[in-house]
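The next block holds one structure in the form of structure tokens; read it before the comments.
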Number of protein chains: 2
Amino acid sequence: MTTTDRYLAFANSAVGSRLANALGLPRPVPLERMPPFGDTETREIAAPLAVVGGTADAPLLPGLARELHWLGVPSLAHVERLDWISYANQAGTMSGRFNPNEGVRPKALLFDASAIADTGELSALYTFFHDTLATLDRCARVLVLGLPPSLAPTPQASVAQRALEGFVRSLAKELKRGATAQLLYVAPRAREALHSTLRFFLSPRAAYVSGQAVTLQDPVFETPPMRDQRPLAGQVAVVTGAARGIGEAIATVLARDGAHVVCVDLPAAQTPLEAVAARLEGSALACDIAAPEAGVTLLAHLATHAPRGLDILVHNAGITRDKTLVRMSEAQWQSVLDINVGAPQRLNTTLLDAGVLRANSRIVGVASISGIAGNRGQTNYAASKAGVIGMVEAWSPVLAERHISINAVAPGFIETQMTAAVPFAIREAGRRMNSLGQGGQPVDVAEAIAWLAHPASGALTGQVVRVCGQSLLGA
Amino acid sequence: MTTTDRYLAFANSAVGSRLANALGLPRPVPLERMPPFGDTETREIAAPLAVVGGTADAPLLPGLARELHWLGVPSLAHVERLDWISYANQAGTMSGRFNPNEGVRPKALLFDASAIADTGELSALYTFFHDTLATLDRCARVLVLGLPPSLAPTPQASVAQRALEGFVRSLAKELKRGATAQLLYVAPRAREALHSTLRFFLSPRAAYVSGQAVTLQDPVFETPPMRDQRPLAGQVAVVTGAARGIGEAIATVLARDGAHVVCVDLPAAQTPLEAVAARLEGSALACDIAAPEAGVTLLAHLATHAPRGLDILVHNAGITRDKTLVRMSEAQWQSVLDINVGAPQRLNTTLLDAGVLRANSRIVGVASISGIAGNRGQTNYAASKAGVIGMVEAWSPVLAERHISINAVAPGFIETQMTAAVPFAIREAGRRMNSLGQGGQPVDVAEAIAWLAHPASGALTGQVVRVCGQSLLGA
């Protein structure tokens, strides 16, 4: 299902690591990931210890204390924010003061910057991270929490909140040994809807996501009672392109989290498709999503397998037909646009009109860095994937009124059969040109989708989250 | 003022070009630029010939015909859009049918995609560019005109319009020999406000801008009678950091376009500052913009030199103090934030409150790719430049009510004394990692600022335009 990154293995072997060190070669760290399907042991949190800080006014800290308690994350307070200890105590956990000289190795740094009112006050970020960064454990997580600039009370506060993005993206590029950094913009009405997002980022699920700015806004649906063991139990998900690669990983992760997964793929892939569905105890539907009758076929299948309606729809199926525009055929243009962005829109409309996608359901698209940055030889693919981003942007306000969310992930270099076929030099460039120095795995994309599809992710809609290890490429 | 790109010169020499060809080395093309200051000869247009296309319904074509007539650009019609010939005739110019086999070398391709209503209709782009791309002259311009996705009549149209961005960014990466591509989203009420933007992009002024999506929205002030010879005659501009480098180039271009330029820089730079001001027949103000009294000092100077108020304010002054956060001093953090984003906000407020920045004035900030993508060793600088982007985003709606625009440019790798000091390997990577295979010149940043500061640019506000040759780096 995936190709091996031999250099990653070499650079982490006994001989290889000394050689890489001596030659000044990159030394990517094997990323911590969740245990595979079938291991029902929860290992929710990669963060045995978090250090918490914030500005003098830090309105997110009480809620954060409750979440860390729920997630079982112990914490220490930065010296500038010692009232954290009493918030933690009130939430039911012990805490203490962080001392950088005591040799503790925090696995998470959390900073509430949401009350910063002008760019001068950003120096609190400097103080906190200057004190704590050097103590970080491997594969650690940095989370800066801000206020969406558009909701800031003054233009000055808006500017300061927007500045956080430049800070976090730079910090993510300075982190070493598999650590990542994100910016979470939290709207005031999303303060009680942080759960699924902290669960994602404070765990190995978010291994390959870094340098992202994610906005939690007014929830479009209510957070259900929390249940993390199998959060999707009793729910039905449709995953297109599920017979192999990233689609198979998405189906696997959603099934691991408890969903009945309807695995959809082309009739030509029926054999592997049925094997995936059988392994996951889901169902298989061999059907060309670009065919005119696809909507009707899917509705008929769901009438049997999801009589109460659909909870999750993942538009993963997609193709590439790479050529420079001068050499591209019209068929290569048309098929990529129709399968990658035409079909998902038609399926949405069919399932919405039929009432199968109801309140509380979640739609997730798969975009691409090509759709953000453009790519030589991919005018068709990049247009289709920019269209997927457009689908998220255009549909999210419409669907919000129906209490449905729509988001997308934008994968970078992911190790699949497709990327294994890429010529060596280009493959190596793609693998290394990111802050983690390695390609991602299909499961990394799948975990991000499971986060956006989590029943508690009602504050997430209209978001496009890159799963790219903070690739250098962008627009 | 600038460093030489020796490789560019070599690869375009007789021996070098053959060697580069044989070795498969990059062969960046010397970019066409406007003649230097003092040459009052207008050479408005680098495009002796444009080929025009569009979908069946192409509402921008009549206005485009009038603009091309005004700009003196001859045109031909793509076979799918032969009614262009009558639009051109109505506007007062001859036109004809484009035949790719006749050996014509168009210098511009213009396509009206603004009426595309779903992703299926995007195939019209394929047809037009598939037919025309191979005929392009060197340093040519591709402009795709769309409708802002947020203004599209349906979600399907919005998706298709958003898809244009992936298409244009990919196309820009496929172009060769100094050609560039942009996407111009034109709001219906901006259709009569295209002039300054076409004047910029259809000329050598836009040499180093590529792969950008620019939105022309409801104008915040009216377009004055057109006058392109010296469009800033009678106007007053303030440029901070004007003693050298990019600031000197900005002052020079604004003066070339007719403005009286108030050149501001630190007292330590008084000698070069006064030389620049004298050369441009402007005035010099030695003043630390970050000092508390800066606003008062500037107001006093403007009372003499701009008794009727200020027309253009360019926040160019900025500093870097690069260190990883762990090694950075608090002073290095504070000074970068204060000078780069604190001071511009204070100056804006002072000049607005004093009524010196009035209706029809234009503010332009200087951001950076670091502020978009983040950069290792630049947490302070990237935060400050993301803050400049925030200043544009937060202030543009507020200032629109006062008929004032605010925009920013975001330079990529520009050849200056600062970049000349960068180590060789990093400098070469910065120079080559963009679609034009070379660094930009200070004048490229200056020309983009002069476009945003043009009196006819009332449809441009809230925009951040990269001047980076479509650098690979981004977010």
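Naming convention: chains lettered A, B, ... in sequence-line order (proteins, then strands); numbering from 1 in each chain. No experiment lies behind these values; they were computed from the predicted model shown.
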In terms of heavy-atom proximity below 4.5 Å to chain B, should [X] be classed as side chain, backbone, both, or neither?
X	answer
A:Q334	side chain
A:A160	neither
A:Q156	both
A:Q345	side chain
A:T127	side chain
A:T349	side chain
A:M328	both

Largest heavy-atom contact set with chain A, pairs under 4.5 Å, which of [options]:
options	result
B:E330, B:M391, B:Q378, B:Q161	B:E330
B:S370, B:S384, B:A394	B:A394
B:R169, B:M433, B:E174, B:K173	B:E174
B:L122, B:D118, B:V398, B:D338	B:L122
B:T154, B:N375, B:L133	B:N375
B:R327, B:R376, B:E165, B:Q212	B:R376

Contact winner vs chain B - [options], heavy-atom pairs under 4.5 Å:
options	answer
A:G342, A:C468, A:A386, A:A134	A:A386
A:G387, A:A475, A:G390	A:A475
A:F167, A:W333, A:Y381	A:W333
A:S170, A:P155, A:S158	A:S170
A:K385, A:Q470, A:R466	A:R466
A:V326, A:N380, A:L325, A:T324	A:L325

Straight-line distance of [X] [atom1] to [Y] [atom2], nearest 0.5 Å:
X	Y	atom1	atom2	result
B:I369	B:L473	CD1	CG	6.0 Å
A:T379	A:Q332	OG1	CD	10.0 Å
B:L352	B:L347	CG	CG	10.5 Å

Is any side-chain heavy atom of B:V465 closer than 4.5 Å to a side-chain heavy atom of B:N407?
-> no
Quick one: are A:L125 and A:L164 in side-chain contact, heavy atoms under 4.5 Å?
-> yes
Parallel, tilted or perpendicular: rings of A:F111 and A:F129 (30°, 60°) | tilted
